[in-house]
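What follows is one structure encoded as structure tokens, with my remarks underneath.
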Amino acid sequence: MDTLDLVQEHLRQGGLLAYPTETVYGFGGLPMHTVIERLVELKKRDRAKPMLLLVPDREAVNDLTWTPEAIELADVFWPGSVTLVLSDPGVRYPDAVRGSDGGVAVRVSPHPLVRELVCGMGGPILSTSANRPGETPSLDPQGALGAALAAGAGEELWVLDGGALEPSLPSTIIDCSGPEPLVLRQG
């Protein structure tokens, strides 16, 4: 069994993970109640602030509403640092990833390690930056581990070492849940 197989099994058993993305290290796990609660506790995160989902591809979240504009944006910018907010009319996703208007933020990461991980999982994983509110997000595995330990994480959180990341802008967030796409954050 290789490293990614072990990490995927850890996630399937409800474990937490710190991992590299194209911008910063993130904390995440499967979008299930126990994992969400642990991430909220770990980050001291405001429950009203939704987490995003890293997905292997569009088809993994085809139950969300894909407007023609959202499809075009995904086709042009994925994998990439563009996060799309889509409507969840079936209320299939947990509140922790749903904004106040019911939108769910999704992204396909171009980072090869996390992309392979998410594709191997076959479905979404939660993603939130590896830091506590007000602190700088981690750009390397040591920083992610330090942030996790300082927040009280134990053996339930593993760190996937993708090396040090270059400083970069955060992802661009585009809300495609309304009649017209709206840029919420320029990255």
Side-chain angles (χ1 to χ4, degrees), residues 3-4 7-8 11 16-31 39 43 45 49-88 92-94 96-99 101-131 136-141 143-144 147 159-187:
T3 301
L4 279 181
V7 170
Q8 289 167 351
L11 291 175
L16 302 179
L17 186 67
Y19 51 84
T21 71
E22 67 280 8
T23 56
V24 297
Y25 269 73
F27 291 143
L30 293 181
L39 284 172
K43 290 227 5 170
R45 187 178 178 93
K49 185 177 178 187
M51 292 179 234
L52 68 90
L53 296 173
L54 293 179
V55 298
D57 52 40
R58 244 186 12 210
E59 290 73 32
V61 285
N62 63 8
D63 49 350
L64 296 174
T65 301
W66 285 91
T67 63
E69 295 85 1
I71 292 169
E72 183 176 351
L73 287 164
D75 287 347
V76 170
F77 294 107
W78 282 2
S81 63
V82 172
T83 300
L84 301 177
V85 178
L86 306 171
S87 292
D88 179 17
R92 181 168 182 268
Y93 294 90
V97 299
R98 294 168 49 79
D101 61 354
V104 175
V106 294
R107 182 171 76 234
V108 175
S109 176
H111 191 285
L113 190 56
V114 77
R115 182 140 170 74
E116 186 177 349
L117 172 71
V118 174
C119 287
M121 293 301 292
I125 65 169
L126 295 164
S127 189
T128 182
S129 58
N131 64 310
T136 303
S138 301
L139 293 176
D140 58 51
V159 177
L160 186 58
D161 186 346
L165 304 173
E166 293 294 322
S168 67
L169 294 173
S171 68
T172 295
I173 302 174
I174 304 173
D175 186 346
C176 295
S177 64
E180 296 289 326
L182 176 65
V183 175
L184 301 178
R185 179 177 74 193
Q186 181 69 47

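Note that the numbering runs from 1 along the sequence shown for the chain. Note that this is a predicted model, so its numbers are computed, not measured.
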Please say whether the positively charged group of Arg58, taken as NZ for Lys or CZ for Arg, lies over the ring of Trp66, i.e. under 6.0 angstrom from the six-membered ring centre and within 45 degrees of the axis. yes
Is it the case that the side chain of Ser138 and the backbone of Ala130 share a donor-acceptor pair, with hydrogens and angles ignored and the cut-off at 3.5 Å?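 Flag set: sc Ser138 to bb Ala130 pair under 3.5 Å.
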Candidate pair Thr23 and Leu139, rule side-chain contact (heavy atoms from CB on, under 4.5 Å), full reasoning: CA-CA 8 Å; Thr23 56; Leu139 293 176; over 6 Å; no
Heavy-atom check, side chain of [X] versus side chain of [Y], under 4.5 Å:
X	Y	value
Asn131	Thr136	no
Tyr19	Pro141	no
Pro124	Val106	no
Arg45	Leu39	no
Ile173	Val85	yes
Tyr93	Leu53	yes
Ile125	Val55	no
Met51	Ser127	no

Just wondering, are more than 12 heavy atoms of other shown residues or ligands nearer than 6.0 Å to CD in Glu69? yes
Assess whether atom CD of Glu166 is packed by more than 12 heavy atoms of other residues, nucleotides or ligands within 6.0 Å.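 Result for CD/Glu166: open.
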Distance (rounded to the nearest 0.5 Å) between [X] [atom1] and [Y] [atom2]:
X	Y	atom1	atom2	result
Arg107	Leu54	CZ	CG	5.5 Å
Ser177	Asp88	OG	CG	11.0 Å
Leu86	Cys176	CG	SG	6.0 Å
Asp63	Ser87	CG	OG	12.0 Å
Leu184	Thr83	CG	OG1	10.0 Å
Thr3	Leu160	OG1	CG	8.0 Å

So, applying side-chain hydrogen bond (donor to acceptor under 3.5 Å, both in side chains) with Glu22, which one of Ser168, Ser81, Ser171, Ser109 is it? Ser109
Please lay out, stage by stage, how Val7 and Leu117 fare under the test side-chain contact (heavy atoms from CB on, under 4.5 Å). CA-CA 8 Å; Val7 170; Leu117 172 71; 3.7 Å; yes
Answer with yes or no whether the side chains of Lys43 and Ser129 bring together a donor and an acceptor at under 3.5 Å. yes
When you check the side-chain N and O atoms of Arg185 and Thr172, is any donor under 3.5 Å from an acceptor?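 No, no side-chain donor-acceptor contact under 3.5 Å.
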Please determine whether side-chain contact (heavy atoms from CB on, under 4.5 Å) holds for the pair Val82 and Ile174, giving the CA-CA distance in whole Å, both sets of side-chain angles, and the decisive distance to 0.1 Å. CA-CA 7 Å; Val82 172; Ile174 304 173; 4.0 Å; yes
Might you work through the side-chain contact (heavy atoms from CB on, under 4.5 Å) test for Leu11 and Leu17, ending with a clear yes or no? CA-CA 7 Å; Leu11 291 175; Leu17 186 67; 3.9 Å; yes
